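Worksheet: one structure, shown below.
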Amino acid sequence: MNIEQARFNMIEQQIRPWEVLDPAVLSLLTVVKREDFVPAAYRALAFVDTEVPLPGGQCMLAPRVEARLLQELGVHKHERVLEVGAGSGYMAALLAHRAQHVTTLEILPELAKMAADNLKRAAIVNATVRQADGSRGLAAEAPFDAIVLSGSVAEVPQGLLGQLKVGGRLIAIVGQQPMMRATLVTRSGEHAFASVELFDTVAQRLQGFEEPARFTF
């Protein structure tokens, strides 16, 4: 397989047609080597429009979904980001290139180790992996400028929204199969939140988020 041709095809045939047009995001997809974050047994799937299996029954999001979430969140260099669901560490690596610092939480020990090893190998120094239940967020280090849920939830958890700065954003894939929507929530005031539905997609449920959060806007 010609790796660079496959990467080019992924960007031009999958990602750009999915309304990912930010030049900085598209450029970043050539810098962060997705194949280095895919388990060796599935390396051939690194650039395919599909979720890639990970240990513990988990999976990486499809490339176009990762890229679109990254674009819509609009992270800036001065911002601190919290990710829930480290997986292989790929999204944390993408975020780290755009943020001041990324803390990514992973409930499964083997995935937390995989993500940490992958980030170290990629020379990403401003991303930290914590083995923890991400459904509670990281209150001790809040507030964050941005929070990313790298998987789906039944509803956006109020506890995580409370860990945003005013002006901060949380992005998540929300709903039940077969209908889920990527949703961007902005904290517009101390007790005020604005929600925008961005696009339809489906993703694996994040561990710890199996039950609805019983919170609506």
Side-chain angles (χ1 to χ4, degrees), residues 6-39 42-54 56-75 81-99 102 104-106 111 114-115 118 127 134 146-157 160 169-185 195-207 209:
R7 193 187 326 280
F8 176 84
N9 292 345
M10 174 188 74
I11 293 169
E12 296 301 322
Q13 297 173 14
Q14 299 172 38
I15 292 171
R16 193 187 290 273
W18 229 48
E19 297 182 32
V20 179
L21 303 174
D22 183 338
V25 171
L26 295 172
S27 175
L28 187 54
L29 297 173
T30 69
V31 173
V32 181
K33 306 302 185 186
R34 194 171 196 270
E35 67 273 18
D36 293 343
F37 291 83
V38 173
Y42 299 103
R43 194 65 52 88
L45 298 178
F47 307 109
V48 176
D49 183 21
T50 189
E51 295 180 337
V52 176
L54 294 174
Q58 302 304 295
C59 64
M60 296 175 69
L61 293 171
R64 60 192 169 96
V65 176
E66 294 165 331
R68 186 80 184 272
L69 293 175
L70 186 68
Q71 172 179 270
E72 301 296 346
L73 192 62
V75 176
V81 180
L82 176 68
E83 182 193 21
V84 178
S88 70
Y90 179 64
M91 179 61 93
L94 293 172
L95 291 164
H97 277 269
R98 308 202 62 167
V102 177
T104 182
L105 307 179
E106 176 53 58
L111 282 184
M114 172 188 281
N118 286 341
I147 298 176
V148 183
L149 305 187
S150 289
S152 69
V153 294
E155 295 177 12
V156 177
L160 291 181
R169 297 91 60 212
L170 179 149
I171 199 162
I173 297 167
V174 184
Q176 306 284 351
Q177 293 218 38
M179 187 58 155
M180 299 180 182
R181 288 193 173 97
T183 303
L184 182 70
V185 183
S195 174
V196 178
E197 293 181 342
L198 301 170
F199 57 92
D200 293 344
T201 189
V202 174
Q204 185 179 39
R205 185 71 86 223
L206 279 169
Q207 288 201 6
F209 292 84

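All values derive from a computational prediction rather than experimental measurement.
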With a 4.5 Å limit on heavy-atom distance, are the side chains of Ile173 and Arg181 in contact?
-> no

Residue pair Gly56 / Gln207: nearest heavy atoms and the distance that separates them = O-NE2, 4.3 Å

Evaluate salt bridge (Lys or Arg N to Asp or Glu O under 4.0 Å) for Glu72 paired with Arg169, printing each intermediate quantity in order.
-> CA-CA 10 Å; Glu72 301 296 346; Arg169 297 91 60 212; over 6 Å; no

Val20 side chain reached by Arg68 side chain, heavy atoms, under 4.5 Å = yes

Taking all non-hydrogen atoms of both residues, which atom of Cys59 and which atom of Leu54 are closest, and how far apart?
-> C-CD1, 3.6 Å

Closest heavy-atom pair and its distance - Gly151, Leu206 | CA-CG, 3.7 Å

Residue pairs involving residues 9-33 (criterion ring-ring contact (aromatic ring centres under 6.0 Å, His included); sequence neighbours excluded) | Trp18-Phe199

Is it true that a side-chain atom of Arg205 and a backbone atom of Val153 form a donor plus acceptor pair closer than 3.5 Å?
-> yes

In sequence, state the C-alpha distance, the side-chain angles, and the governing distance for Thr104 and Leu95, and then conclude on side chain to side chain contact (heavy atoms under 4.5 Å, CB included).
-> CA-CA 10 Å; Thr104 182; Leu95 291 164; over 6 Å; no

Is a side-chain donor or acceptor of Ser88 paired with a backbone partner of Val38 at a separation under 3.5 angstrom?
-> no

Please name the pair of heavy atoms, one in Gly134 and one in Leu160, separated by the smallest distance, quoted to 0.1 Å.
-> O-CD2, 4.0 Å

Taking C-beta and beyond as the side chain, do Val65 and Leu69 meet within less than 4.5 Å on heavy atoms?
-> yes

Which of Val75, Val81, Leu82 passes side chain to side chain contact (heavy atoms under 4.5 Å, CB included) with Val102? Answer is Val81

Tightest non-hydrogen contact, residues Ser152 and Ala203, listed as OG-O, 2.9 Å

Tyr90 six-ring centre to Arg34 NZ/CZ under 6.0 Å and within 45° of normal = yes

Please answer whether the main-chain N or O of Phe47 pairs with a side-chain N or O of Gln14 as donor and acceptor at a distance below 3.5 Å.
-> yes

Atom CD of Glu19: over 12 foreign heavy atoms under 6.0 Å | no

Does Asp22 offer a backbone N or O that forms a donor-acceptor pair with the side chain of Gln71 under 3.5 Å?
-> yes

Would you check if Pro39 and Met114 make a side-chain contact, meaning some heavy-atom pair closer than 4.5 Å?
-> yes

Paired with Phe37, the side chain to side chain contact (heavy atoms under 4.5 Å, CB included) test is passed by just one of Val52, Asn118, Leu94, namely Asn118

Are any non-hydrogen side-chain atoms of Glu66 and Leu29 less than 4.5 angstrom apart?
-> no

So do the side chains of Leu61 and Thr201 get within less than 4.5 Å of each other, counting heavy atoms only?
-> no

Donor-acceptor contact present, side-chain Glu106 to main-chain Ala115, <3.5 Å = no

